[in-house]
There are 2 protein chains.
Amino acid sequence: MSLKYGILGFLSEWPGASGYDLKKEFDTFMNPFWHTHLSQIYPELNHLEEKDLVHSEVIEQTAKPDKKIYTITEKGRDYLRDWLSSSPQSPKIKEAFLMRSFFLDNVTADEAIFQLQLYKKRREDRLKNMKRTLKQRLTEMKNENAALTPRILMITSVYKKGLDEEKGFIRWCEETIKLIQHYKDLWKKEEREEEDILLNHESLKDAPKWFVELIDEINE
Amino acid sequence: MSLKYGILGFLSEWPGASGYDLKKEFDTFMNPFWHTHLSQIYPELNHLEEKDLVHSEVIEQTAKPDKKIYTITEKGRDYLRDWLSSSPQSPKIKEAFLMRSFFLDNVTADEAIFQLQLYKKRREDRLKNMKRTLKQRLTEMKNENAALTPRILMITSVYKKGLDEEKGFIRWCEETIKLIQHYKDLWKKEEREEEDILLNHESLKDAPKWFVELIDEINE
DNA sequence: AGCTACATGTAATCTGTTACATGATTTC
DNA sequence: GAAATCATGTAACAGATTACATGTAGCT
């Protein structure tokens with residue numbers, strides 16, 4: 001549903017991209033907020049052209065396969081602006097790893113910690129790549145034309161959020177690992193039942209700070 | 001792909017839920033990380049039962065339609081644990097509103113600000129609902145059995161992240177609104193071209209702090 | 001009289017992913 | 001000699017969404 005707008009949005013600023021170029025952009029520059037496949041891009045481009053929202057031109061190349069480059073039409077720009085002005089919906093969230101974490105009491109504390117460490121690494125890699133891509137693009141833009149534009153503002157703002165998302169997940173993994181380590185004994189069922197740790201202020205005294213704060217926040 | 005694990009995970013802790021019950025849980029308790037539809041839940045439950053991962057029982061009700069309640073089998077628990085121990089993948093992010101924002105230079109500054117205000121409201125509503133749900137569940141758990149369990153730890157940790165996500169988006173909307181307001185003139189094309197604002201330290205002196213910091217962070 | 005909650009499903013459609021197909025050039 | 005890059009697509013399958021179907025009880 002949103003893919004077509006991503007394509008139109010990208011073409012609105014960088015005309016003359018091919019389907020293959022677009023895929024590379026989704027994998028790098030647009031990676032903080034969207035991903036897709038070539039097998040979805042090509043039919044979508046054909047569909048957009050049928051509706052006269054984009055227009056294509058075949059470029060013959062030597063030593064490389066021919067390519068079709070696309071330009072957005074005026075009708076396409078209107079269509080994009082209509083979307084940008086339509087009422088934004090509440091996000092439809094699917095965070096597979098948070099779902100996993102929600103049920104991590106089903107495995108051992110060590111396994112849970114291991115999972116969080118692995119996921120933290122994935123997010124660290126994403127953060128590194130994002131920084132690299134942003135730096136590269138800002139440098140390119142500076143070299144071409146050093147003027148600050150609305151375009152650069154919005155890109156920077158979205159990247160700020162993208163980078164913060166990665167940092168946020170990395171921090172959360174670390175905090176959650178500490179939490180599990182602190183309460184590791186709870187995972188050993190044998191040691192429970194006798195003396196239960198209660199969900200009250202005294203028992204939470206030396207628990208990680210954020211955990212205590214959350215319990216407090218919820219109880220006003 | 002992950003839906004079945006969400007169902008198994010939920011049934012692993014709250015046995016005796018119907019498809020209808022599960023939908024309510026996805027809409028409330030599991031809302032911070034997943035969403036789905038009844039028309040996806042019912043076939044999935046039948047599929048899980050065919051594979052002996054869950055087992056159902058029809059409960060006849062008076063004044064209400066009959067319902068089928070589900071219990072996870074031992075095979076189902078193994079299947080869930082296998083998933084929980086499998087290697088977590090890098091997230092496949094689709095944030096429609098960030099994509100929108102990335103292209104908001106295509107509409108006026110006022111329209112962009114309006115969009116961000118609307119989206120901020122959506123996130124504020126989500127935050128309120130999440131807090132309400134968490135408070136309610138923690139209260140229920142306390143009343144039943146005040147013991148701190150791995151289950152409660154993981155739920156709390158995931159909710160901490162869910163709440164932070166909402167707060168993070170709300171803050172980002174506010175910051176981005178301020179940024180657009182600060183650079184509003186850039187959106188009026190006529191006033192540009194004459195004297196371009198450069199992407200350097202002097203021109204960024206009175207720009208929002210986070211914006212300057214990001215530019216610095218990227219340049220090491 | 002109309003709406004919401006309860007409860008389970010199917011059908012049609014749309015979106016997304018993996019696999020397949022082709023073929024030249026460049027890099028390891 | 002194998003793998004990656006460039007380049008465009010189709011086909012099959014999996015997952016997600018909207019619409020349709022049915023019917024009672026209770027609330028406004």
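Sequence lines set the chain letters: A, B, ... in the order given, protein chains first and strands last, and positions in each chain run from 1.
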Q: I need the CG-P distance between Leu3(B) and dT17(C), as an integer number of Å.
A: 16 Å
Q: Can you tell me if Phe29(A) has over 12 outside heavy atoms packed within less than 6.0 Å of its CZ?
A: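 Yes, enclosed.
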Q: Mapping Ser39(A) and Gln61(A) to their closest nucleotides on DNA chain D, which lands nearer the 5' end?
A: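 Mapping each residue to its closest nucleotide by heavy atoms, the 5'-most match is Gln61(A).
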Q: Let me spell it out: for each of Lys24(A) and Glu44(B), pick the nucleotide of DNA chain D with the closest heavy atom. Which residue's pick is nearer the 5' end?
A: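 On the 5' side of the pair lies Lys24(A).
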Q: Answer with base, sugar-phosphate or nothing: what part of the nucleic acid does Thr36(B) contact at a heavy-atom distance below 4.0 Å?
A: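 No contact.
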Q: Would you say the side-chain atoms of Lys23(B) pair up with the backbone N or O of Thr36(B), donor to acceptor, closer than 3.5 Å?
A: yes
Q: Relative to the 5' end of DNA chain C, which residue comes earlier, Ala63(A) or Pro43(B), by the nucleotide with the nearest heavy atom?
A: Pro43(B)
Q: Check this one for me: any side-chain N or O of His37(B) less than 4.0 Å away from OP1 or OP2 of dT17(D)?
A: yes
Q: Which of these nucleotides, dA7(C), dT8(D), dG23(C), is closest to any side-chain atom of Tyr42(B)?
A: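 For the Tyr42(B) side chain, the nearest candidate turns out to be dA7(C).
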Q: Atom CD1 of Ile59(A) to atom P of dA7(D): distance rounded to whole Å?
A: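 Value for this atom pair: 11 Å.
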Q: What is the distance from OH of Tyr70(A) to C1' of dA7(D), rounded to the nearest Å?
A: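 Taking atom C1' of dA7(D) as the reference, OH of Tyr70(A) is at 12 Å.
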Q: Are Tyr5(A) and Phe103(B) packed together at the side-chain level, in the sense that at least one heavy-atom pair is separated by less than 4.5 angstrom?
A: no
Q: Side chain of Tyr20(B): nearest nucleotide among dA7(D), dC6(C), dG9(C)?
A: dC6(C)
Q: Which nucleotide sits closest to the side chain of Lys64(B): dG16(C), dA7(D), dC6(C)?
A: dC6(C)
Q: Which nucleotide wins on minimum distance to the side chain of Asn46(B), given the candidates dA7(C), dT17(D), dG9(C)?
A: dG9(C)
Q: Here's a test of your reading of the structure: between Ile69(B) and Lys92(B), which maps to the more 5' nucleotide of DNA chain C?
A: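 The residue mapped nearer the 5' terminus is Ile69(B).
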Q: Would you mind classifying the nucleic acid contact of Lys94(A) as base, sugar-phosphate or nothing, using non-hydrogen atoms under 4.0 angstrom?
A: sugar-phosphate
Q: What does His47(A) touch in the nucleic acid at a heavy-atom separation under 4.0 angstrom: a base, only the sugar-phosphate, or nothing?
A: nothing
Q: Between dT8(D), dA16(D), dT8(C), which nucleotide has the shortest distance from any of its atoms to the side chain of Gln40(B)?
A: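 So the nucleotide nearest the side chain must be dA16(D).
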Q: What's the CG-C1' distance between Asp66(A) and dG9(D), to the nearest Å?
A: 14 Å
Q: Please report the distance, rounded to the nearest Å, between CD1 in Ile41(A) and P in dG16(C).
A: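 Spelled out: CD1 on Ile41(A) to P on dG16(C) is 11 Å.
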Q: Rounded to the nearest angstrom, tell me the gap between atom CG in Leu48(B) and atom P in dG9(C).
A: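 Interatomic distance, CG of Leu48(B) to P of dG9(C): 13 Å.
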Q: Among Arg122(B), Gln115(B), Gln117(B), Arg123(B), which one satisfies side chain to side chain donor-acceptor pair (under 3.5 Å) with Tyr119(B)?
A: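 Among the candidates, only Arg123(B) passes.
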Q: So do the side chains of Thr176(B) and Lys160(A) get within less than 4.5 Å of each other, counting heavy atoms only?
A: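 Contact flag for Thr176(B)/Lys160(A) side chains = no.
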Q: Could you check how far CD1 of Ile7(B) sits from C1' of dA16(D), rounded to whole Å?
A: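 Taking CD1 of Ile7(B) and C1' of dA16(D), I get 13 Å after rounding.
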Q: Under 4.0 Å: is that the gap between some side-chain N or O of Lys23(A) and OP1 or OP2 of dA7(D)?
A: no
Q: Measure from CE on Met1(A) to P on dC14(C) and round the result to the nearest Å.
A: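 Taking atom P of dC14(C) as the reference, CE of Met1(A) is at 12 Å.
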Q: When you look at CZ of Arg171(A), are more than 12 heavy atoms from neighbouring residues, nucleotides or ligands closer to it than 6.0 Å?
A: no
Q: Look at the side chain of Leu38(B) and decide which nucleotide, out of dT8(C), dT8(D), dT15(C), has an atom nearest to it.
A: dT8(C)
